[in-house]
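Protein chains get the first letters and strands the later ones, always in sequence-line order, with residue 1 at the start of each.
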Amino acid sequence: MNSSLYQTLADRGFIHSVSNAPGLRAALDQPSVFYVGFDPTAPSLHTGHLIPLALAAHLAQAGHHPVLLAGGGTGLIGDPTDRSETRALLSAERVAANTQAVRRQVDRLFQNEQADVAIVDNAEWLTQLRYLDFLRDIGRYFSVNEILATETYRARLDSGQGLNFVEINYRLLQAYDFLHLFREHGCILQIGGSDQWANILAGVDLIRRIEGKEAFGLVTPLLTTSTGQKMGKTAAGALWLDPELTSPYDFFQYWINIEDASVERTLALLTPLPLHEVRALASLPGAQIRSAKERLAYEITARVHGADAANAARDGARALFGRDGGSTAAAPQTRVTPDKLAAGLRIVDLLLMSGLAGSRSAARRLIAQGGAYANDCRVDSPDTIFHADAFRNGELLLRSGKKRYHRILLGRE
RNA sequence: GGGUCGGUGGGUGAGUGGCUAAUACCACCAGACUGUAAAUCUGGCGCCUUCAAGGCUACGUAGGUUCGAAUCCUACCCGGCCCA
């Protein structure tokens, strides 16, 4: 194995903090088992999970063994990190359903990476715990003072918000997960986003205290814009990795629209491109950097949704935004039946059913502000009605603003 | 259990009987300028209604007082702090 793996990760920007850098560097000389956990707060992962996923892919590529943990157990508790107030507990059914969805998703993502992974669910062991045993065996190693001193909890207390007993336990459970995986899988490293730093260190400490062995923690930076905003927010909410929740086309569009200043960092973190190529792309002058963004969008989309979806998204984007024709098929679409068309379709209704506007009021506003287009012609009146003659090749192309397209297609599914 | 303070739109957070669909900031949307960039400027940002006029719903939940309530009263739910 190579001692330069650690350096490569550092150069690509993955390392925000490490519990023991020289120690980890040495440990990575041997094929090692590491883990990363995902809590099932939703039925899909989102952009925020991409960096740890990419890091896991790098490690796997270098011959290490990933254990991907779906938090079916910790999800029942809820991680208070970054929460300004107590999170409403999800129902057990929801957690179970989300956990299954997340398992399937990480499984698929790592098939794309062609990596050999183990997928586990911490409900397997956490639900077996006995309360008194846990308190005596594990709880004794935790200082409440220390927990309360960490950012997450202190912020909560300082702001006068509550801190539920359940929430304090989250840290113990995550630490216990690490211990469990250390024992059962020989897992010596946990990775995660920087918000997980304290939780991960708690596991490292627990392993040292109970097993007398050293394990490592490594956290990545969070994905932010140059102004420190979390990336991945869109009008529709989070940018999901599930194609049903965020279409590959929209996913692609998100990345091609990224600010210039983030191109290099994002390429290094989220794509497998070699660093020299990343640097070359990011240093393209002026407007040419758009080709770097297209590459960025392509690579990330391919990684998450596969090459076919990435190709389709790219072709669609070129057709809609470029001059070289091509198929717009990748853009989101809605079908409309001939009988509905016969009666005429009002622009307000079209905007609503396409999702380009969230309500009729919003659609009217959009029109009033001059942001509504049909077949690249601005629509001035909310009364505009479209008939069959507006369709070219059975397609009416709607646009909101400069960038958001939607196709209205004639015919049934 | 007792006392006390509080629960406002996606977020932070004003408002303490009519002038409040609700200040401000953030996020978001659109227009201008551009390169599907950033910054900047402008407008918008509950829903329904052909603009307008109007209507409906909304300030923890359910009732009540009042011509009129986010604002007052009662009960309940949730939370902070103090006491036990």
Trainee: Among rA37(B), rC47(B), rC29(B), which is the nearest nucleotide to the side chain of Ser361(A)?
Mentor: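 When the side chain of Ser361(A) is considered, rC47(B) is the closest of rA37(B), rC47(B), rC29(B).
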Trainee: Ignoring the backbone of Arg404(A), work out which of rA30(B), rA37(B), rC47(B) is nearest its side chain.
Mentor: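 Ranking rA30(B), rA37(B), rC47(B) by closest atom to the Arg404(A) side chain puts rA30(B) first.
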Trainee: Does Ser359(A) make a side-chain N or O approach to OP1 or OP2 of rG46(B) shorter than 4.0 Å?
Mentor: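 Answer no for this pair, as no side-chain N or O of Ser359(A) is under 4.0 Å from OP1 or OP2.
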Trainee: Return the nearest nucleotide to the side chain of Arg360(A); candidates are rA37(B), rC48(B), rA30(B).
Mentor: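 Per side-chain heavy atoms of Arg360(A), the pick is rC48(B).
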Trainee: Measure the distance from CD on Glu259(A) to P on rG35(B) and round it to the nearest whole Å.
Mentor: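 Between P of rG35(B) and CD of Glu259(A): 18 Å.
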Trainee: C1' atom, rG15(B) versus rC67(B): distance in rounded Å?
Mentor: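 Roughly 23 Å separates the two C1' atoms.
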Trainee: Remember a base hit wins even if backbone is also touched, and classify Gly358(A) as base, sugar-phosphate or nothing at under 4.0 Å, heavy atoms.
Mentor: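 Gly358(A): no heavy atom of the nucleic acid under 4.0 Å.
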Trainee: Give none if rU16(B) has no partner; otherwise give the nucleotide forming a Watson-Crick or G-U wobble pair with it, both distances under 3.5 Å.
Mentor: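 rU16(B) is unpaired by these criteria.
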Trainee: Under a 3.5 Å cut-off for both contacts, is rU4(B) paired Watson-Crick or G-U wobble with anything, and if yes, with which nucleotide?
Mentor: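 With both distances under 3.5 Å, rU4(B) matches rG80(B).
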Trainee: Do any N or O atoms from the side chain of Tyr6(A) and from the backbone of Ala21(A) form a donor-acceptor pair under 3.5 angstrom?
Mentor: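 Such a contact is absent between Tyr6(A) side chain and Ala21(A) backbone.
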Trainee: Phosphate oxygens OP1/OP2 of rU50(B): is one of them under 4.0 Å from a side-chain N or O of Arg364(A)?
Mentor: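 Yes.
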Trainee: Rounded to the nearest angstrom, tell me the gap between atom CD1 in Ile385(A) and atom P in rU50(B).
Mentor: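 Atom CD1 in Ile385(A) sits about 11 Å away from atom P in rU50(B).
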Trainee: Measure the distance from CZ on Phe321(A) to P on rA37(B) and round it to the nearest whole Å.
Mentor: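 Interatomic distance, CZ of Phe321(A) to P of rA37(B): 9 Å.
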Trainee: Looking only at atom P, what distance separates rG6(B) and rA52(B), rounded to whole Å?
Mentor: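 Here rG6(B) and rA52(B) have their P atoms 39 Å from each other.
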Trainee: Are the side chain of His46(A) and the backbone of Gly48(A) linked by a donor-acceptor contact shorter than 3.5 Å?
Mentor: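 A pair under 3.5 Å: yes.
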Trainee: Is the phosphate of rG35(B), meaning OP1 or OP2, less than 4.0 Å from a side-chain N or O of Lys403(A)?
Mentor: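 False: Lys403(A) side-chain N/O out of range (4.0 Å or more) of rG35(B) OP1/OP2.
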Trainee: Answer with base, sugar-phosphate or nothing: what part of the nucleic acid does Ile256(A) contact at a heavy-atom distance below 4.0 Å?
Mentor: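 Base contact - Ile256(A) has a heavy atom under 4.0 Å of at least one base atom.
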Trainee: Determine the Euclidean distance between corresponding C1' atoms of rC77(B) and rG13(B); express it in Å to zero decimal places.
Mentor: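 My reading of the C1' atoms in rG13(B) and rC77(B) gives 23 Å.
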Trainee: Both distances under 3.5 Å, Watson-Crick or G-U wobble: report the partner of rG9(B), or none.
Mentor: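 With both distances under 3.5 Å required, rG9(B) matches none.
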Trainee: Students often mix this up, so state it plainly: with edges at 30° and 60°, are the rings of His180(A) and Trp125(A) parallel, tilted or perpendicular?
Mentor: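 Parallel, since the angle between the ring planes stays under 30°.
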Trainee: Looking at rG31(B), does its base get a donor-acceptor pair with the side chain of Gln369(A) below 3.5 Å?
Mentor: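 For Gln369(A), whose side chain was compared with the base of rG31(B), there is no donor-acceptor pair (under 3.5 Å).
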Trainee: Can you tell me the distance, in whole Å, between the CD1 atom of Ile367(A) and the C1' atom of rG44(B)?
Mentor: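 Atom-to-atom, Ile367(A) to rG44(B), this comes out as 14 Å.
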Trainee: Using the P atom in both, what is the distance from rC26(B) to rC76(B), to the nearest Å?
Mentor: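 It works out to 42 Å between them.
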Trainee: Check the side chains of Gln196(A) and Gln190(A) for a donor-acceptor pair under 3.5 angstrom, ignoring hydrogens and angles.
Mentor: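 Per modelled atom types, Gln190(A) and Gln196(A) side chains form no pair under 3.5 Å.
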Trainee: Do any side-chain nitrogens or oxygens of Arg365(A) fall under 4.0 Å of OP1 or OP2 in rA30(B)?
Mentor: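 For rA30(B), OP1/OP2 do not have a side-chain N/O of Arg365(A) under 4.0 Å.
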Trainee: Tell me the interatomic distance from Leu281(A), atom CG, to rG35(B), atom C1', rounded to whole angstroms.
Mentor: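 It is 16 Å, rounded to the nearest whole Å.
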Trainee: Find which nucleotide of RNA chain B each of Arg399(A) and Lys402(A) is nearest to by heavy atoms, and output the residue with the more 5' nucleotide.
Mentor: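 Between the two, 5'-proximity favours Arg399(A).
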Trainee: Report which part of the nucleic acid Ala368(A) touches: base, sugar-phosphate, or nothing (heavy-atom distance under 4.0 Å, all strands).
Mentor: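 It contacts nothing in the nucleic acid.
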Trainee: If you measure from the C1' atom in rU16(B) to the same atom in rG31(B), how many Å do you get, rounded?
Mentor: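 Comparing C1' positions in rU16(B) and rG31(B) gives a spacing of 39 Å.
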Trainee: Can you tell which of rU50(B), rA30(B), rG31(B) lies closest to the side chain of Arg346(A)?
Mentor: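 Nearest nucleotide to the side chain: rU50(B).
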Trainee: So which nucleotide does rU71(B) pair with, by the Watson-Crick or G-U wobble rule with both distances under 3.5 Å?
Mentor: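 Paired with no nucleotide.
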Trainee: To the nearest 0.5 Å, how far apart are OH in Tyr373(A) and CG in Leu366(A)?
Mentor: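 So the gap between those two atoms works out to 9.5 Å.
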Trainee: Stepwise, does the ring pair (Phe, Tyr, Trp, His ring centres under 6.0 Å) test hold for Phe321(A) with Tyr405(A)?
Mentor: CA-CA 10 Å; Phe321(A) 293 97; Tyr405(A) 284 94; 5.4 Å; yes
Trainee: Under 4.0 Å, counting only non-hydrogen atoms across every strand here, what does Ile258(A) touch: a base, just sugar-phosphate, or nothing?
Mentor: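 If one applies the 4.0 Å heavy-atom cut-off, Ile258(A) turns out to touch the sugar-phosphate alone, with no base involved.
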Trainee: Expressed as a whole number of Å, how far does the C1' atom of rG46(B) sit from that of rU8(B)?
Mentor: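 My reading of the C1' atoms in rG46(B) and rU8(B) gives 14 Å.
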Trainee: Leu356(A) CG to rC28(B) C1': how many Å, rounded?
Mentor: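 In whole Å, rC28(B) C1' and Leu356(A) CG are 15 Å from each other.
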Trainee: Quick check: on RNA chain B, is the nucleotide nearest Gly371(A) upstream (toward 5') of the one nearest Glu294(A), or the reverse? Name the residue that is more 5'.
Mentor: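 Per heavy-atom nearest nucleotide, the more 5' residue is Gly371(A).
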Trainee: Taking only the C1' atom of each, what is the distance from rC47(B) to rU57(B) in whole angstrom?
Mentor: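 The same atom, C1', in both gives a distance of 7 Å.
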Trainee: To the nearest Å, give me how far apart CZ (Phe165(A)) and P (rC78(B)) are.
Mentor: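 It works out to 19 Å between those atoms.
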Trainee: When the distance from CG of Asp380(A) to P of rC51(B) is rounded to whole Å, what number comes out?
Mentor: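 So the two atoms are 16 Å apart, to the nearest Å.
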Trainee: Looking at Asn393(A), I want to see if its CG is surrounded by more than 12 non-hydrogen atoms of other residues, nucleotides or ligands under 6.0 Å.
Mentor: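 Incorrect, the count does not exceed 12.
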Trainee: What does Gln288(A) touch in the nucleic acid at a heavy-atom separation under 4.0 angstrom: a base, only the sugar-phosphate, or nothing?
Mentor: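 Answer is nothing: Gln288(A) stays at 4.0 Å or more from every strand.
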Trainee: Would you tell me if any nitrogen or oxygen in the side chain of Ser400(A) comes within less than 4.0 Å of OP1 or OP2 on rA30(B)?
Mentor: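 So the side-chain polar atoms of Ser400(A) do come within 4.0 Å of the phosphate oxygens OP1 or OP2 of rA30(B), strictly under.
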Trainee: Between rG63(B) and rA14(B), how far apart are the P atoms? Round to whole Å, please.
Mentor: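 Their P atoms lie roughly 29 Å apart.
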Trainee: Is a side-chain N or O of Lys293(A) found less than 3.5 angstrom from the main chain of Val263(A), in a donor-acceptor match?
Mentor: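 Here the side-chain-to-backbone pair does not exist.
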